2 protein chains.
Amino acid sequence: MAIMFHSVKTILPTTTDKLFPRGGYAPQFIECEMSELPITPQKNLLLAALPLDVQNRLQPKMELVPLPLGKVLYESGDTLSHVYFPTDSIVSLLYVMENGASAEISVLGNEGLIGVAVFMGGESTTSRAIVQSAGYAYRLPSRQFKDEVNRHSEMLHLMLRYTQALITQMSQTAVCNRHHSIDQQLCRWLLLSLDRLPTNELVMTQELIANMLGVRREGVTEAAGKLHKSGVIEYSRGRIRVTNRPKLEQMSCECYAVVKKETDRLLPFAVQVIALG
Amino acid sequence: MAIMFHSVKTILPTTTDKLFPRGGYAPQFIECEMSELPITPQKNLLLAALPLDVQNRLQPKMELVPLPLGKVLYESGDTLSHVYFPTDSIVSLLYVMENGASAEISVLGNEGLIGVAVFMGGESTTSRAIVQSAGYAYRLPSRQFKDEVNRHSEMLHLMLRYTQALITQMSQTAVCNRHHSIDQQLCRWLLLSLDRLPTNELVMTQELIANMLGVRREGVTEAAGKLHKSGVIEYSRGRIRVTNRPKLEQMSCECYAVVKKETDRLLPFAVQVIALG
DNA sequence: TGCCATCTGTGCGTTATCGCACATAGCGTT
DNA sequence: AACGCTATGTGCGATAACGCACAGATGGCA
């Protein structure tokens, strides 16, 4: 399969060793165009939705950090030292079982935050947060985040709404895992990722997608082959380009639409303009 | 299979028509011994964990309502008029798909409440809340519940902790749906139900269990047959008695233990004394 | 230019679960 | 005591996904 992808430069180190259990993946990164698109806290839609005075209070306390692919923001059971507000990165919440098998619980980008357990009170969760698409995030020490949430009820209510959206996605994942085929789930997964990216191209091997979906790599290969035959995607060695998004949506199970609709309802400020393939 | 179950009296009407999509189930109820065990708000462990002054404020606003098997407390998309604090009933959060297939997202008893979406801000969810084991619950109008939560930060924090426990269970359900066999999942499901009942006997047909697990009824029949052969359970026509709980735990997947441990961590006041089979 | 790690494609037997059909059994009602 | 509804048991072919093995393709790098 000869597909042209524009060349990219490696600008961030990877930390994938032992992080993606099955794979030995060492990918490259799309250059982050810092000069053209300055990364501000407002790139995160939750931060942007806060009242201006709260934004101003938070700004000096936050720190912009790069999130290379495969970086683990926290491990199951870890006490969370910071919460992260992605600006252009994508993070998966992944559950890893005793035998090493895994499954994605939810995925989030600049519409969300990593670390709801901080204000939920548990301080840790049973899942792992792992960077699925490299980029940046603003982070805030948990302690200060908690103070702000307790001080500004508007911030609390925003976080709670986001948490409900997260719950919706988790529920739907459970249902999808039960009832839908790998083909359909791949479509759902691609759409969820696509919604959190500025382009229609994702940097992700089939091996990693398989880890996220909790299925065999070969299963993803087969499903991706079908999507290619249908003219929906093109791909090559860790890059996937969606060329027909409407058809992708059509081939997906209802789960994508349900989650999208509910997320848009709960977080109307985060309604995304979809990049047409 | 000749198993003796103590006779029971029907004391509550059922509302199962069209509520459990696949089944035409019309079961009886175990008599609720009101006189021996007065039902007080403190039977619900969340209510019991509140500061006394808050309990006293809430008490007159709450109403004790019977929850017959199969009753739908809310439907997907419904605006929640009340939140429910079960005292001795069990409620499942169930997702019902477009084609009628379903899957349980989580289950809760007197350690929880139905209606987290009220203080999360969404006012509705994409799931259905349905009574899985008849009993009672105290309910509180959503409006008043919200006021109390906003007024008493202690109450808010308690609810948030419970919500995190709920999230943990949802996540684990997603993983379990992906990776574990029907046999294992049945064990998990029985244990989760058992923990929320005062006895080691549950009133539930295999058909309904299949609905909860999102699998075929025949699959549950087979799995239950194996458990019986192993001497773990006895059952007959809508009643299941667990006779060897340790073995049941041993045959379950890790998911039960993970959820239990995390729930106990988050809600230490709700640690349950397990009825030995 | 050629090497080589790694990503993707494919085949094949095995297994779990499904969907359907129908048989058997338990229990309340007449 | 017989009936009938409902719950449970069982068999069977179809299917989806699995685990494994290995072939082929790609692209970075020496």
Side-chain angles (χ1 to χ4, degrees), chain A residues 1-10 14 16-17 20 22-29 99-101 103 177-186 203-211 213-229 233-240, chain B residues 1-10 14 16-17 20 22-28 99-101 103 177-186 203-211 213-229 233-240 253:
Chain A
M1 199 179 308
I3 300 170
M4 298 307 295
F5 285 92
H6 47 78
S7 67
V8 293
K9 294 179 193 165
T10 303
T14 71
T16 46
D17 316 327
F20 285 112
R22 288 189 194 169
Y25 184 63
Q28 276 67 45
F29 298 95
N99 67 8
N177 282 350
R178 163 64 61 216
H179 290 290
H180 296 138
S181 68
I182 294 184
D183 295 6
Q184 290 175 305
Q185 291 185 53
L186 177 59
V203 176
M204 177 72 42
T205 64
Q206 298 183 358
E207 174 88 36
L208 288 188
I209 296 176
N211 271 318
L213 295 181
V215 301
R216 282 183 320 154
R217 194 269 311 162
E218 295 93 320
V220 173
T221 297
E222 246 183 296
K226 289 184 204 169
L227 287 181
H228 181 241
K229 277 204 196 77
I233 63 173
E234 295 174 346
Y235 59 99
S236 169
R237 285 186 78 76
R239 288 171 187 287
I240 303 177
Chain B
M1 198 179 308
I3 299 171
M4 298 307 295
F5 285 93
H6 48 76
S7 67
V8 293
K9 294 178 193 164
T10 303
T14 70
T16 45
D17 315 328
F20 285 112
R22 287 190 192 167
Y25 184 63
Q28 276 68 44
N99 67 8
N177 282 350
R178 162 65 61 216
H179 290 290
H180 297 138
S181 68
I182 293 184
D183 295 6
Q184 291 176 305
Q185 291 186 53
L186 177 59
V203 176
M204 177 73 41
T205 63
Q206 298 181 358
E207 174 88 37
L208 287 189
I209 297 176
N211 271 317
L213 294 181
V215 301
R216 283 184 320 153
R217 194 268 312 162
E218 296 93 321
V220 173
T221 297
E222 246 183 295
K226 290 184 203 169
L227 287 181
H228 181 240
K229 276 203 197 78
I233 63 172
E234 294 174 345
Y235 60 98
S236 170
R237 287 187 76 76
R239 287 169 187 287
I240 304 177
C253 47

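Numbered from 1 within each chain, the chains take letters A, B, ... in sequence-line order. These numbers were taken from a predicted model, which means no experiment stands behind them. In what follows, every heavy atom counts, from backbone to side chain, and hydrogens, waters and symmetry copies are set aside.
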Asks: Are R178(B) and V215(A) side-chain neighbours, meaning at least one heavy-atom pair lies under 4.5 Å?
Replies: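 Yes; the side chains approach each other to less than 4.5 Å.
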Asks: How close or far is atom P of dT8(C) from atom NZ of K229(A), stated in whole angstroms?
Replies: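 Result: 16 Å.
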Asks: Would you mind reading off the distance between I240(A) atom CD1 and dC7(C) atom P, rounded to a whole angstrom?
Replies: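 Answer to the nearest Å: 13 Å.
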Asks: Roughly how many Å is it from CZ in R237(A) to C1' in dC7(C), rounded to a whole number?
Replies: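 Taking atom C1' of dC7(C) as the reference, CZ of R237(A) is at 5 Å.
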Asks: When only distance counts, do a donor and an acceptor, one from the side chain of R217(B) and one from the base of dG19(C), lie under 3.5 Å apart?
Replies: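 When only heavy-atom distances are counted, R217(B) does not reach the base of dG19(C) through any donor-acceptor pair under 3.5 Å.
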Asks: Output a table of nitrogen or oxygen pairs between the protein and nucleotides 12-17 of chain C separated by less than 3.5 Å.
Replies:
residue : atom : partner : partner atom : Å
dT17(C) : OP1  : I182(B) : N            : 3.0

Asks: Taking atom types as modelled and ignoring hydrogens, do the side chains of Q206(B) and R216(B) form a donor-acceptor contact shorter than 3.5 angstrom?
Replies: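 Checked: Q206(B)/R216(B) side chains show no N/O donor-acceptor pair below 3.5 Å.
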Asks: Within the structure provided, determine whether L227(B) and D183(B) are in side-chain contact (heavy-atom separation under 4.5 Å).
Replies: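 With C-beta onward as the side chain, the pair stays apart.
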Asks: Can you check the N99(A) CG to dG19(D) P distance for me, whole Å?
Replies: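 That distance rounds to 10 Å.
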Asks: Identify which nucleotide among dT26(D), dC20(D), dT10(D) has an atom closest to any side-chain atom of E218(A), counting heavy atoms from C-beta outward.
Replies: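 Comparing dT26(D), dC20(D), dT10(D) against the side chain of E218(A), the answer is dC20(D).
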Asks: With sequence neighbours excluded, what pairs up with Q184(B) under the side chain to side chain contact (heavy atoms under 4.5 Å, CB included) test?
Replies: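 For Q184(B) the side chain to side chain contact (heavy atoms under 4.5 Å, CB included) partners, ignoring immediate neighbours, are H180(B), S181(B), C253(B).
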Asks: Calculate the interatomic distance between E207(B) atom CD and dT8(D) atom P; express it in whole Å.
Replies: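 Distance check: E207(B) CD to dT8(D) P gives 9 Å.
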Asks: Measure the OG1-CG distance between T205(A) and L208(A) for me, rounded to the nearest 0.5 Å.
Replies: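 So the OG1 of T205(A) and the CG of L208(A) are separated by 3.5 Å.
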Asks: Once you round it to whole Å, what is the distance between C1' of dA7(D) and CG of L208(B)?
Replies: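 Taking CG of L208(B) and C1' of dA7(D), I get 11 Å after rounding.
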Asks: If you only use heavy atoms from C-beta on, which nucleotide in dT8(C), dA7(D), dT8(D) is closest to the side chain of T221(B)?
Replies: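 Within the option list, the nearest is dT8(D).
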Asks: Using a 4.5 Å cut-off on heavy atoms from C-beta on, say whether the side chain of Q185(B) contacts that of N177(B).
Replies: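 Contact flag for N177(B)/Q185(B) side chains = yes.
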Asks: dT8(D), dG9(C), dA25(D): which one has an atom nearest the side-chain heavy atoms of Y235(A)?
Replies: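 Among the listed nucleotides, the one closest to the side chain of Y235(A) is dG9(C).
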Asks: Within this structure, what is the CD1-OG1 distance for the pair I209(B) and T221(B), rounded to the nearest 0.5 Å?
Replies: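 Rounded to the nearest 0.5 Å, the CD1-OG1 separation comes to 9.5 Å.
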Asks: Choose from dG9(D), dT8(C), dG26(C) the nucleotide whose nearest atom is closest to any side-chain atom of S236(B).
Replies: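 From the listed options, dG26(C) comes nearest.
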Asks: Just how far, in rounded Å, is P of dA17(D) from NZ of K226(A)?
Replies: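 Result: 8 Å.
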Asks: Figure out the CG/P separation between N211(A) and dC18(D), and round it to whole Å.
Replies: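 Roughly 12 Å, once rounded to whole Å.
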Asks: So, is Q206(A) near the phosphate of dT6(C), with a side-chain N or O under 4.0 Å from OP1 or OP2?
Replies: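 Indeed not, no polar side-chain atom of Q206(A) lies that close.
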